[in-house]
Amino acid sequence: MNLAWLLLFLPFAASLANQLVLKKTGLAPLVSVASALATFILAVMLLGTQGSAAFHWASIGDFHLDIGLQLDTLSTGMMLVVTGIGLPVHVFSLAYMKDDDGKARYFTGLSLFMFSMTGIVLADNFIMTFIFWELVGFSSYLLIGHWYRKPSAADAAKKAFITNRIGDFGFMIGILMLWGITGQLSFDKMKPGLEAFQCANPTIWVGVLSATVLCIFCGAVGKSAQVPLHVWLPDAMEGPTPVSALIHAATMVAAGVYMLFRVQFTLGCEVFQQLPASDVIAWTGGITALLAALMATQQDDIKRVLAYSTLSQLGYMVMAVGFVAGDAGMFHLFTHAWFKALLFLGSGAVIFACHHQQNIWQMGGLMKTMPLTTLTFAAGCAALIAVPGTSGFFSKELILDAAYQAGSPLFWVGAFVAVLTPFYMTRLFVVAFLGKPRSDHAAHAREVGPLMLVPLAVLALLAISSGYSFLNRFAPALPHHAGEFHFNLVAGVSMAALVIGVVAGWRLYAGKDHDPICIPLLRERFKFDWFYDTILIRYFQDLLASIIHFFDEFLINGLLVGGLSRSAEGFGNLFRRVQSGSLQGYAFVFGLGVILVIYFTVFI
């Protein structure tokens, strides 16, 4: 367990060293990269380890709070993903951020982010999870707003931070409710309390526990950017592209899904399946997958296409949680991490080579000038659109099969998303990499250097092959006998969706210099941002602020506080006049007082 503690605190030590000692020496990037490499090696060494360790932190009466680490199949597997994505992102950043004036601050933020995410993964109780949950929000604020002099980046950082606080408020309520139900905050110790509550309250336990799970789910809706709190994630593209890869692939947005899996495994699949909350979770994921895929079809910014793709794939994972198919969801989280990191870093290489041009309609012809980057990007596309034999094919099929066997209409929603995904990725690839250059930036693009190409090559191999390492482990999740027909049907539907999407994307966009399709509602992202900005903020938040301002200024300051202060001032002025320093005046007041005392004593 000493290695686990070292794994947790190495990134924190690197961030402290960078900020306090090394920020002016030029060594900060190397220290962060060394820390990422060390944590990856430790994660490999701990893979499959079982155990826990804790130390006492605080006590309030009979309530004792520990800081503890939990090593099991779920946490060690997730740590491999976090550190395995974090390392190539750090290496890629050495080249991408080499001329940035704030690179020491940038690498400090990366190390702090890795520390925060590691804490979420290894935490053995909800309080520790929530602490590191908030640290992830803080560090992502720093990274998204790295170029803070750029107004759009500063606004995006604030938007991400505030939107996540909304979900986190519900998450905090859910944690407190779960503590009230079970009397515990430790994952391993909740089962007895839950069983006792179930026996003592047989008629209401399902409703109470469903409400608790939905409050906890609010945290995942924020962190994993599910509808309606998804609006922050596309704008987070204002940060440096390696940050986008880190946030989208396996860390921040995956934290919400990982937390849901942890809750499901803690409560037990049998209990979770009985809760109406599971249907809410499944439908939230399905709706998010559909809306995000539709929005991706009309985006022109290469990173925004990938951002909405992330939202859609996260929707698949959340849908798996709702169907109590945690193994399938974690499988997809694992495979998605590698190919989405590859796609984002690949887009970063393209943006870097095209002098920070991000519009795909200003690219074109990159296959000739950047053949290696094109090849790795194509591998990531193949995995994302679930080409048979790639990692994304295996994990996505299990989620669709879970939806089919549940008899849910969400199976057909997922199948339609499986058409849209190859459509918008074919559109992106054809427009950006094939054809002729549409701008001087694209015409003069050149292949990137080894610090960028090596991470892309490694991730490309993992995007294709990572699914095979999980096949044996997830074989029991595959349907058998009667269910085998279901799986064959699901595979057939998926293959048809793949072919339809690719063919449609190719026919519509090959050789085009502008988008032949224009659907304003999709380009404007279903007007979610407009609704929030003009309705909720202007007419709700601003109106509420005006009412509060009225109460504050006119009632509290004007009548209550102001009235009392003016009364005190008036009495003070009255008595100050008495203190004139005139002995005759004092004698007169004294005599008047004596007369009044005699009067009240004798006559009243």
Side-chain angles (χ1 to χ4, degrees), residues 74 77-78 81 217 220 224 226-227 250 253-254 256-258 260-261 264-265 269 272-273 278-293 309-340 383-422 463 466-468 470-471 473-480 483-484 486-498 501:
L74 185 62
M78 187 65 183
V81 173
F217 178 55
S224 292
Q226 299 294 286
V227 172
V253 295
V257 178
Y258 172 81
L260 287 179
F261 293 142
Q264 188 175 103
F265 297 154
C269 292
F272 202 89
Q273 201 163 19
S278 61
D279 292 329
V280 176
I281 293 172
W283 277 97
T284 300
I287 291 170
T288 301
L290 176 61
L291 295 183
S309 170
T310 298
L311 289 175
S312 186
Q313 298 303 306
L314 288 168
Y316 269 134
M317 300 174 206
V318 171
M319 192 166 66
V321 176
F323 291 129
V324 198
D327 284 352
M330 276 303 296
F331 190 9
H332 197 54
L333 188 155
F334 178 83
T335 58
H336 174 264
W338 308 110
F339 61 72
K340 188 50 63 70
L384 174 58
I385 67 178
V387 171
T390 62
S391 61
F393 171 77
F394 300 116
S395 55
K396 191 201 73 176
E397 297 309 297
L398 289 180
I399 294 176
L400 289 180
D401 184 69
Y404 187 85
Q405 296 212 42
S408 172
L410 285 173
F411 167 75
W412 297 107
V413 173
F416 184 53
V417 173
V419 174
L420 294 174
T421 304
S466 61
Y468 292 95
F470 271 67
L471 278 179
R473 178 186 172 190
F474 284 92
L478 296 174
H480 298 286
E484 199 165 313
H486 297 162
F487 184 72
N488 291 335
L489 177 63
V490 170
V493 170
S494 184
M495 285 299 300
L498 172 64

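All of these numbers come straight from a predicted model, not from anything done at the bench.
The shortest distance between side-chain heavy atoms of L333 and M78 falls below 4.5 Å. Side-chain contact between L314 and M317 is present, with heavy atoms from C-beta onward closer than 4.5 Å. Under the 4.5 Å side-chain criterion, counting only non-hydrogen atoms from C-beta, T390 is not in contact with L384. Side-chain contact check for V318 versus F217: some heavy-atom pair is nearer than 4.5 Å. Within the 4.5 Å cutoff, the side chain of T284 has no heavy atoms near those of the M319 side chain. The shortest distance between side-chain heavy atoms of V493 and L400 does not fall below 4.5 Å. F323 has its side chain within reach of L410: a pair of non-hydrogen atoms, C-beta onward, lies under 4.5 Å apart.
Residues meeting the ring pair (Phe, Tyr, Trp, His ring centres under 6.0 Å) test with F339, sequence neighbours left out: H336. A search for side chain to side chain donor-acceptor pair (under 3.5 Å) contacts involving S395 returns H332, T335, not counting sequence neighbours. The side chain to side chain donor-acceptor pair (under 3.5 Å) check on S309 picks up K340, Y424, with sequence neighbours excluded.
Defined by atom type and a distance below 3.5 Å, a donor-acceptor pair is present between the side-chain atoms of S494 and E397.
The minimum heavy-atom distance between A292 and L311, with the atom names listed, is CB-CB, 3.5 Å. Of all heavy-atom pairs spanning G414 and Y316, the tightest one is O-OH, 2.7 Å. L498 and A386 make their closest contact through CD2-O, 4.0 Å (heavy atoms, listed as atom of the first residue, atom of the second, distance). Residues P422 and A497 approach most closely at CG-O, 3.9 Å, considering heavy atoms.
Remark: M495 CE to F393 CZ distance equals 7.0 Å, nearest 0.5 Å. A distance of 9.5 Å separates OG in S312 from CG in L291, rounded to the nearest 0.5 Å. To the nearest 0.5 angstrom, D401 atom CG is 8.5 Å from F411 atom CZ. Rounded to the nearest 0.5 Å, atoms OG (S466) and CZ (F334) are 5.5 Å apart. Between the CD atom of Q264 and the CZ atom of F272 there is a distance of 5.0 Å, given to the nearest 0.5 Å.
Side-chain N or O atoms of S224 include none that pairs as donor or acceptor with a backbone N or O of A254 at under 3.5 Å.
Residues Y468 and F394 place their aromatic rings such that the two centres sit under 6.0 Å apart.
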